[in-house]
Peer 1: 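Below is the structure I would like to discuss, written out as structure tokens.
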Amino acid sequence: MRMRALVTGGTGFIGTALLVRLSSIGIQCVAAVRHQQELGLAGVIQTEIGEVTLQAQWAKALYGVDTVVHLAARVHVISDSLLNPIAEFRRINVQNTLVLARQAAALGVKRFIFVSSVKVNGESTPVGVPFLADGLNFPVDPYGISKMEAEQGLREIASQTGLEVVIIRPPLVYGPGVKANFAALMRAVQRGWPLPFGSVHNQRSLVALDNLVDFIVVCMTHPQAANQTFLVSDGQDLSTNELVRGLAHASGVPARLLPVPVWAMRVAGVFFGKSGAIQRVTGNLQVDISKANRLMGWVPPVSVEEGLRRAVAGTRKP
């Protein structure tokens with residue numbers, strides 16, 4: 001029987017790429033959307049769910065579904081204007097996730113893939129001491145806390161119902177169509193702007209969009225993925241210095257790097273209220289993906305160089 005998968009967040013950065021991949025390998029896809037729109041993907045069934053609430057009824061979207069891939073979420077917000085942001089993160093990322101999972105279990109769905117975040121583990125690591133998939137968790141912001149609480153709720157549902165839950169925690173995801181800070185960095189490199197990262201020799205794990213999609217697809221069917229938590233990355237960590245050089249090479253432009261001392265950047269970050277941003281570009285965050293290889297034999301199919309090339313190509317207009 002042909003496999004059928006429900007993908008939430010199917011119109012987003014990751015969801016769109018996942019739907020393309022699933023359709024190409026013959027998996028029938030249902031995309032849960034708030035409002036009907038043109039996805040441009042043959043064979044993908046759209047199910048309009050409107051605004052998701054605690055009373056949401058997922059029966060139509062879940063009809064005949066074997067696997068749910070839950071991508072929809074309230075994402076990390078750098079400057080949150082809400083007076084109580086944790087409440088909104090919990091409503092969307094925790095409560096709504098668990099509503100969907102409970103209904104999926106009741107309707108006989110076999111597996112629930114939850115794309116969480118490395119922020120559940122924490123914000124930084126010492127060099128050479130990566131986060132482990134089954135290590136301790138230290139989320140520090142509302143987004144990371146909400147993802148951790150959703151994970152905890154899903155594990156409880158799995159133990160009560162037999163629903164197979166797979167939790168995937170990616171670090172920063174980049175690829176064609178990437179937005180936010182990564183897109184801004186690409187534009188700066190392509191425009192030849194001098195960047196103050198010449199003395200930054202940190203180590204950060206990233207994951208190319210195609211690698212993450214490939215890993216999700218493997219987790220949808222591999223028997224060893226059931227009820228496991230995984231970290232995923234490209235398997236090759238980069239310093240911000242190396243990332244800029246890689247983007248410049250992929251863009252066919254010279255890398256313009258200024259050797260500004262890291263301590264000076266951090267002092268400036270405090271002065272201008274940008275300490276968090278400076279920490280992200282100068283600090284370390286590494287993940288260990290050996291569990292995925294050990295249990296499922298998974299290795300990232302796309303190299304860092306190719307992933308950066310695809311990201312750059314995806315930003316250029318024909």
Side-chain angles (χ1 to χ4, degrees), residues 1-12 14-15 18-19 21-23 25-36 39 43-75 87-117 120 145-169 215-230 295-296:
M1 183 180 295
R2 187 181 182 188
M3 185 177 182
R4 185 181 176 102
L6 169 66
V7 177
T8 71
T11 59
I14 300 171
L18 179 62
L19 288 173
R21 174 68 183 278
L22 293 176
S23 299
I25 58 177
I27 294 178
Q28 189 177 61
C29 300
V30 180
V33 297
R34 287 188 180 181
H35 307 288
Q36 291 289 333
L39 294 178
V44 175
I45 303 166
Q46 287 191 57
T47 298
E48 187 173 349
I49 57 171
E51 185 66 31
V52 178
T53 67
L54 295 181
Q55 291 74 42
Q57 296 300 314
W58 288 90
K60 181 180 178 181
L62 290 166
Y63 177 76
V65 164
D66 306 285
T67 301
V68 172
V69 181
H70 188 44
L71 295 164
R74 186 172 198 263
V75 299
E88 187 66 2
F89 275 109
R90 282 177 168 147
R91 182 183 74 83
I92 297 174
N93 294 352
V94 183
Q95 296 169 3
N96 290 350
T97 296
L98 302 185
V99 166
L100 172 58
R102 290 190 187 99
Q103 293 188 35
L107 291 169
V109 172
K110 180 180 180 182
R111 185 166 290 190
F112 192 101
I113 311 289
F114 180 60
V115 179
S116 185
S117 169
V120 171
I145 292 168
S146 70
K147 285 291 192 176
M148 181 186 69
E149 291 176 354
E151 290 182 10
Q152 293 169 340
L154 288 171
R155 293 189 187 99
E156 184 175 348
I157 291 171
S159 68
Q160 295 170 348
T161 65
L163 178 69
E164 296 176 354
V165 169
V166 185
I167 294 167
I168 302 172
R169 297 179 188 157
F215 188 69
I216 293 171
V217 172
V218 170
C219 287
M220 289 174 67
T221 58
H222 201 291
Q224 295 300 314
N227 300 314
Q228 296 291 341
T229 299
F230 295 102
L295 291 184
M296 301 186 297

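Computed over heavy atoms, backbone and side chain alike; hydrogens, waters and symmetry mates excluded. Numbering of residues begins at 1 and proceeds along the displayed sequence.
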Peer 1: Using 0.5 Å steps for rounding, measure from the CG atom of Leu100 to the CG atom of Leu154.
Peer 2: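 It comes to 9.0 Å.
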Peer 1: Write down the atom of Lys147, the atom of Ser117, and the distance for their closest heavy-atom approach.
Peer 2: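 Shortest heavy-atom contact: CG-CB, 4.4 Å.
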Peer 1: Give me the atom names and distance for the closest heavy-atom approach of Val217 to Arg21.
Peer 2: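 The answer is CG2-CG, 3.9 Å.
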Peer 1: Please check: side-chain N/O of Arg90 versus main-chain N/O of Ile145, any donor-acceptor pairing under 3.5 Å?
Peer 2: no
Peer 1: Where the side chain of Thr8 meets the backbone of Leu71, is there a donor-acceptor pair that is under 3.5 Å apart?
Peer 2: yes
Peer 1: I'd like to know if the side chain of Ser116 and the backbone of Ile167 have a donor-acceptor N/O pair within less than 3.5 Å.
Peer 2: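 Checked: no pair found.
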Peer 1: Which pair of heavy atoms, one from Leu22 and one from Cys29, lies closest together, and at what distance?
Peer 2: CB-SG, 3.3 Å
Peer 1: Going by heavy atoms in the side chains, are Arg111 and Met220 under 4.5 Å from each other?
Peer 2: no
Peer 1: Using the side chain to side chain contact (heavy atoms under 4.5 Å, CB included) rule, take Thr67 and Lys110 through it: C-alpha gap first, then chi angles, then the decisive distance, then the call.
Peer 2: CA-CA 6 Å; Thr67 301; Lys110 180 180 180 182; 5.6 Å; no
Peer 1: Atom CG of Leu98 and atom CD of Glu149: how far apart are they, to the nearest 0.5 Å?
Peer 2: 10.0 Å
Peer 1: Heavy atoms only: give me the nearest Cys219-Ile113 pair and the separation to one decimal.
Peer 2: O-CD1, 3.6 Å
Peer 1: Heavy atoms only: give me the nearest Gln103-Leu62 pair and the separation to one decimal.
Peer 2: C-CD1, 3.9 Å
Peer 1: Between the main-chain N or O of Arg4 and the side-chain N or O of Asp66, is there a donor-acceptor pair closer than 3.5 Å?
Peer 2: yes
Peer 1: Once you round to the nearest 0.5 Å, how far does CE of Met3 lie from CD1 of Ile27?
Peer 2: 5.0 Å
Peer 1: Is the closest basic N to carboxylate O distance between Arg155 and Glu151 below 4.0 Å?
Peer 2: yes
Peer 1: Is the ring pair His70/Phe114 parallel, tilted or perpendicular, if the boundaries are 30 and 60 degrees?
Peer 2: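 Rings of His70 and Phe114: parallel, as their planes differ by under 30°.
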Peer 1: If you look at every heavy atom in Leu107 and Ala59, which pair is closest and at what distance?
Peer 2: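 Answer, listing the atom of Leu107 first, then Ala59: CD1-CA, 3.8 Å.
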Peer 1: So how far is it from Ile14 CD1 to Leu19 CG, rounded to the nearest 0.5 Å?
Peer 2: 12.0 Å
Peer 1: How far does CZ of Arg91 sit from OG of Ser146, to the nearest 0.5 angstrom?
Peer 2: 12.0 Å
Peer 1: Is there a side-chain contact between Ile157 and Phe112, using heavy atoms and a 4.5 Å cut-off?
Peer 2: no
Peer 1: Just how far is it from atom CZ of Arg102 to atom CD of Glu156, taken to the nearest 0.5 Å?
Peer 2: 7.5 Å
